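In listed order, ligands and their atoms are each counted from 1. Just so it is clear, the model here is predicted, and its values are computed rather than measured.
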Amino acid sequence: MAVAAIYAGSFDPITQGHLDIITRALSLFEKVYVSVIENIEKEPLFSIQERIHMIKDSVQDDRVIVEGFQGLLVDYAREKNVFTIIRGLRAVSDFEYEFQMSLTNRALEPKIDTVFLMTDQKYSYLSSSIVRQLGKLGANIDAFVPSNVKQKLQEIYCG
Ligand code: COA
C-alpha cells in the first residue's frame with residue numbers, strides 16, 4: 001500500500017488551489033512530497049528557492065516534504081521510491097493533458113500510478129499565471145493565495 005505520494009509542479013507561485021490539493025492528499029497519504037521542478041520550461045517569476053520557501057511557509061505540516069527536483073519525474077520518483085503521483089483536476093479541459101502525462105509516466109516507469117483529486121470548485125479556474133497577472137495589475141488576490149505569497153507578489157509589482 002502506498003504511504004507516500006508526490007505532488008509535482010512548477011508552483012510559480014503556490015495558490016490556494018494547490019493548497020487545497022495538498023490538504024486532500026494528506027487525508028489519503030501519510031506523507032506528501034511537494035516537488036518543485038527546477039528546470040522549468042516556462043520562464044519562472046520566482047526562483048526555485050523562493051518557490052520552495054513560499055510553499056514551506058504556507059504548509060505547516062511535518063508530513064509534507066517540500067523540495068526541488070530536476071529532470072524526469074519518474075527518475076525523481078525512483079530516487080524517492082515513491083510511485084504514486086498526485087495531480088489536481090480543475091475542469092474537464094485538464095483531462096486530456098493529464099491522461100497523456102499519466103500514461104507517458106507509466107510507459108517510462110510501469111510502477112507509477114497517478115491519483116487525480118478534484119480541486120474545490122471555487123479554485124477550478126485558478127492558475128499560477130492568472131494569479132501573477134492579477135498581482136501585476138493590482139487586483140485583490142486575498143482569496144487566491146496565502147498571505148506570504150500575496151506579500152511576495154506585492155514586493156515585486158508594487159515595490
Ligand atoms: N490550483 C491552482 N492552479 C493549478 C492547480 C490547482 N489545483 N493545478 C494546476 N494548476 C495550474 C498550475 O499553477 C499551472 O499554472 P501556470 O501554467 O499558470 O503556471 C497550470 O495549472 C499547469 O499545472 P501543471 O500541469 O501542474 O504544470 P506545472 O508546470 O505546474 O507542472 C510538471 C508540470 C512539473 C508536473 C511536469 O511538467 C513534469 O512532470 N515535468 C518533469 C519532466 C517530465 O518528467 N516530463 C514527462 C512528463 S509526461
Heavy-atom check, side chain of Tyr76 versus side chain of Val82, under 4.5 Å = no
Test salt bridge (Lys or Arg N to Asp or Glu O under 4.0 Å) on Lys152 and Glu50 and set out the steps.
-> CA-CA 9 Å; Lys152 288 289 279 180; Glu50 287 174 313; 3.4 Å; yes
How far does CG of Asp142 sit from CD of Gln16, to the nearest 0.5 angstrom?
-> 10.0 Å
Any idea which residues sit under 4.0 Å from ligand 1, heavy-atom distances?
-> Ala8, Gly9, Ser10, Thr15, Gly17, His18, Ile21, Ile37, Lys42, Gly71, Leu72, Leu73, Arg87, Arg90, Tyr97, Met101, Thr104, Asn105, Thr119, Leu126, Ser127, Ser128, Ser129
Side-chain donor-acceptor pair under 3.5 Å between Tyr7 and Ser35, yes or no?
-> no
What class does the angle between the rings of Phe95 and Phe116 fall in, given that below 30° is parallel, 30 to 60° is tilted and above 60° is perpendicular?
-> tilted
Could you state the interatomic distance from CG (Leu137) to OH (Tyr157), rounded to the nearest 0.5 Å?
-> 9.0 Å
